[in-house]
**Student:** 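Submitted below is the structure of interest, expressed as structure tokens.
Numbers restart at 1 for each chain; the letters A, B, ... are given by sequence-line order, proteins then strands. Model, not experiment: these values are computed from the prediction.
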Amino acid sequence: MKARLEEQLADALATLKTDGLVPSDVSPQITVTRTKDPTHGDFATNLAMQLAKPAGVKPRDMADALVAALPASESVREVTIAGPGFINFFASESTLSDVVRRVLDEGDAFGRSEVGKGQRIQVEFVSANPTGPLHVGHGRGAALGATIANLLSAAGFDVQREYYVNDAGRQMNILALSVWLRYLSAGTAADFAFPSNGYRGDYINDIAASLRETEGDAFERDPAAVFSGVVDDEVVAADGTTTGDKEAHVDALIERAQTALGDNAWRRVFDHGLEAIIEDIRVDLGEFGVNYDEWFSERSIASDVEQVVERLASAGHLYEKDGSRWFRSTAFGDDKDRVVVRDDGRTTYFASDIAYIDNKLARGFEQVLYVFGADHHGYVTRMKAACEALGHDPQRLEFLLIQFAILYRSGERVQMSTRSGSFVTLRELREEVGTDAARWFYVMRRYQQHLDFDLDLAKSRSNENPVYYVQYAHARICSVLRELGHRNLAFEQDAGLAALDQLVEPAEAELLTLLATWPELLERAAIAREPHQVTGYLRDLANGLHSYYNGHKFLVDDDALRQARLCLLLAVRQVLVNGLTLIDVSTPEVM
RNA sequence: GCGCCCGUAGCUCAGUUGGAUAGAGCACCUGGCUUCGAACCAGGUGGUCGGAGGUUCGAGUCCUUCCGGGCGCGCCA
């Protein structure tokens with residue numbers, strides 16, 4: 001409809017040009033938008049206002065001329081000129097109600113489109129270090145990433161969902177050490193101080209226990225030998241002074257552990273810890289409705305890092321300073337250059353990132369989305385710089401910086417401290433408020449906006465909770481259909497579709513317009529990567545339904561009217577389902 | 001100091017490439033269930049869109065600047 005109006009306006013404009021009313025070199029953007037106010041019709045354009053100045057004519061006169069040049073159309077009931085020079089289009093009733101037929105025909109596919117043209121796009125999200133369970137901060141990235149992937153898929157993109165597993169590096173060594181030390185203490189009740197920089201959560205004990213189950217006491221070593229002579233751990237005295245070095249302490253212990261166990265055994269401890277945590281994360285996310293096509297291992301591209309570094313070197317983007325090799329990212333707008341190879345020859349984390357970028361693009365993704373926490377925004381420039389230096393178009397990388405979620409309970413901010421061990425895990429959140437509410441709340445705000453997550457509100461089974469409000473609309477429709485059966489009445493879709501012209505109430509017109517808007521909204525939300533537009537829309541649609549419900553009977557005596565209204569209800573229910581499915585919120589028939 | 005994000009009703013937030021009278025939820029006030037589910041609906045109170053300039057037919061939206069808040073500015077991961 002919109003596109004048709006735009007074509008007709010383009011024709012009208014061409015006519016005015018040949019008539020000499022509009023200079024031929026003027027070619028404004030012709031846009032037709034939906035109106036907010038029903039008194040302005042269904043669609044509007046500002047074309048006359050754009051043309052008025054170059055043509056030297058008053059906007060309203062220009063509008064008159066445009067309207068006169070428009071062809072008659074069956075789908076348009078009336079065209080008016082309003083305000084400073086808007087042209088308003090009123091859709092004919094049959095055009096409005098026709099959407100019901102489309103919704104029922106297309107079903108689950110209603111709203112899906114092909115604007116993505118099958119373009120291959122990767123969405124990488126969460127990618128939390130596998131050193132412990134996910135916490136509530138990861139939850140927002142998970143919900144947003146999953147929903148954005150769903151939106152893109154619905155908009156016709158070929159989407160791949162990926163989790164980047166940081167299974168290399170010092171943090172993983174600390175994890176392996178932590179597991180092994182718990183394993184030791186569990187086996188021998190050996191008395192030694194657990195390093196202050198180790199991972200202390202209960203889950204480490206569980207992993208250690210399962211390690212003992214599968215490996216027996218094969219990894220037992222004498223703790224005294226491991227600890228003897230290592231740098232002292234950090235100790236904070238009562239007066240606040242500190243002694244020792246927790247970083248050096250834990251690094252020394254890692255070396256001792258590797259020596260004591262030997263490479264093979266160390267590797268098995270390491271992998272046991274890694275796999276246990278990855279599995280935990282996988283299950284956790286799965287229960288949250290978040291699934292991946294690929295769990296991509298950082299280790300798997302370790303051997304590519306050197307090659308990528310050499311490529312940068314031969315392209316002239318590297319230089320040596322202080323024994324290290326630097327990437328000249330300032331040449332691409334970064335505010336400082338970045339080290340890629342340390343003076344001891346080891347590559348940096350950033351070097352791995354570059355190899356990963358190259359790997360992604362080599363896999364054929366035309367567009368690559370990184371869903372990052374807002375604290376990562378500093379990486380954006382250097383990542384794009386590296387992308388460009390490798391000879392790729394940096395526009396193919398896209399970074400969504402997700403602002404933090406702050407939990408509130410009883411009006412008080414919930415403190416999340418990893419150190420104190422009192423942080424809230426995603427699993428605990430799901431158990432407390434339920435998956436539906438968690439998914440909804442995480443995506444209901446723009447991702448650029450901090451999220452105040454009110455635990456009490458998310459939990460409440462009351463009118464204050466927006467999740468229930470929308471689900472209730474769905475359940476209500478189901479309830480009407482059940483009642484239909486109780487009264488021994490039948491639903492006849494063809495009869496209803498034939499009687500759609502009976503839907504003339506304002507509440508019905510509003511619902512019809514909302515239904516017709518869904519495909520446009522879905523497309524916009526996908527292109528903008530903004531799931532919150534969907535929750536906002538669903539709220540409006542539910543509101544339209546509730547309002548309709550309170551004002552009108554559906555199971556009326558008039559057969560044609562009853563069938564028509566039931567068709568409308570089914571169409572509304574279908575779109576509620578389509579929308580809620582995108583954000584992975586359930587659609588209960590009874591509540 | 002530099003960079004990114006944010007600032008809209010008492011609170012939490014929408015506001016579609018710049019459009020018509022700035023919207024919604026919560027809170028507060030009023031009204032609506034003998035008839036398909038009141039987890040609902042209808043109406044009302046409430047705004048210098050952080051401040052000041054600028055761009056234009058038109059600015060919450062774009063530009064400049066200032067103020068306020070969050071985050072980041074490692075050869076860490």
**Student:** Go ahead and name the base partner of B/C13; Watson-Crick or wobble counts if both distances stay under 3.5 Å, otherwise write none.
**Tutor:** B/G23

**Student:** Would you say A/N543 places a side-chain N or O within less than 4.0 Å of OP1 or OP2 belonging to B/C41?
**Tutor:** yes

**Student:** Roughly how far apart, to the nearest Å, are B/C11 and B/G32 at atom C1'?
**Tutor:** 28 Å

**Student:** Checking ring-ring contact (aromatic ring centres under 6.0 Å, His included) for the pair A/H546/A/Y469: CA distance, chi angles, key distance, verdict?
**Tutor:** CA-CA 9 Å; A/H546 287 312; A/Y469 183 82; 4.8 Å; yes

**Student:** Crowded around A/K2 NZ? As in, over 12 foreign heavy atoms under 6.0 Å?
**Tutor:** yes

**Student:** B/G70 base stacked by A/F404? Criteria: ring centres under 5.5 Å, plane angle under 30°.
**Tutor:** no

**Student:** According to the Watson-Crick and G-U wobble definitions, with both distances under 3.5 Å, which nucleotide is paired to B/G58?
**Tutor:** none

**Student:** Between A/Y370 and A/L397, is a side chain to side chain contact (heavy atoms under 4.5 Å, CB included) present by the stated rule, with each step listed?
**Tutor:** CA-CA 8 Å; A/Y370 288 84; A/L397 302 191; 4.2 Å; yes

**Student:** For the ring pair A/Y549 and A/F554, is the centre-to-centre distance below 6.0 Å?
**Tutor:** yes

**Student:** For the rings on A/H376 and A/Y379, is their centre-to-centre separation under 6.0 Å?
**Tutor:** yes

**Student:** Give a yes or no on this: more than 12 heavy atoms of other residues, nucleotides or ligands lie within 6.0 Å of atom CG of A/D344.
**Tutor:** yes

**Student:** At a heavy-atom distance below 4.0 Å, what parts of residues 514-538 of chain A sit against RNA chain B?
**Tutor:** A/R524, A/H532

**Student:** State the pairing partner of B/C28; accept Watson-Crick or G-U wobble contacts with both distances under 3.5 Å, and report none otherwise.
**Tutor:** B/G44

**Student:** Which nucleotide in the list B/C36, B/G74, B/A42 gets nearest to the side chain of A/R338?
**Tutor:** B/G74

**Student:** Would you tell me if any nitrogen or oxygen in the side chain of A/Y349 comes within less than 4.0 Å of OP1 or OP2 on B/A77?
**Tutor:** no

**Student:** Please name the nucleotide paired to B/G18 by Watson-Crick or G-U wobble geometry with both distances under 3.5 Å, or report none.
**Tutor:** none

**Student:** Is the aromatic ring of A/H376 within stacking range of B/G72, meaning centres under 5.5 angstrom and planes under 30 degrees?
**Tutor:** no

**Student:** Pick base, sugar-phosphate or nothing for A/K553, based on heavy-atom distances below 4.0 Å to the nucleic acid.
**Tutor:** base

**Student:** Distance between the C1' atoms of B/G60 and B/A9, in whole angstroms?
**Tutor:** 14 Å

**Student:** Residues from residues 433-444 of chain A sitting under 4.0 Å of RNA chain B, heavy atoms only?
**Tutor:** none

**Student:** Quick check on B/C4: is either OP1 or OP2 less than 4.0 Å from any side-chain nitrogen or oxygen of A/Q448?
**Tutor:** no

**Student:** For atom C1', what is the distance between B/C29 and B/G10, given to the nearest Å?
**Tutor:** 15 Å

**Student:** How far, in whole Å, is B/G3 from B/U64 if one measures between their P atoms?
**Tutor:** 11 Å

**Student:** Could you work out the separation of B/G46 and B/G23 based on their C1' atoms and round it to a whole Å?
**Tutor:** 13 Å

**Student:** Taking OP1 and OP2 of B/A38, is either one under 4.0 Å from a side-chain nitrogen or oxygen of A/R476?
**Tutor:** yes

**Student:** The criterion is side-chain hydrogen bond (donor to acceptor under 3.5 Å, both in side chains); which residues satisfy it with A/S297, sequence neighbours excluded?
**Tutor:** A/D167

**Student:** Are OP1 or OP2 of B/C76 and a side-chain N or O of A/R342 less than 4.0 angstrom apart?
**Tutor:** yes

**Student:** Who is the Watson-Crick or G-U wobble partner of B/G72, with both distances under 3.5 Å?
**Tutor:** B/C2

**Student:** So does A/K36 get a side-chain nitrogen or oxygen closer than 4.0 Å to the phosphate oxygens (OP1/OP2) of B/A20?
**Tutor:** yes

**Student:** Count the heavy atoms of every other residue, nucleotide or ligand shown that sit under 6.0 Å from CD of A/E510, and state whether that count exceeds 12.
**Tutor:** no

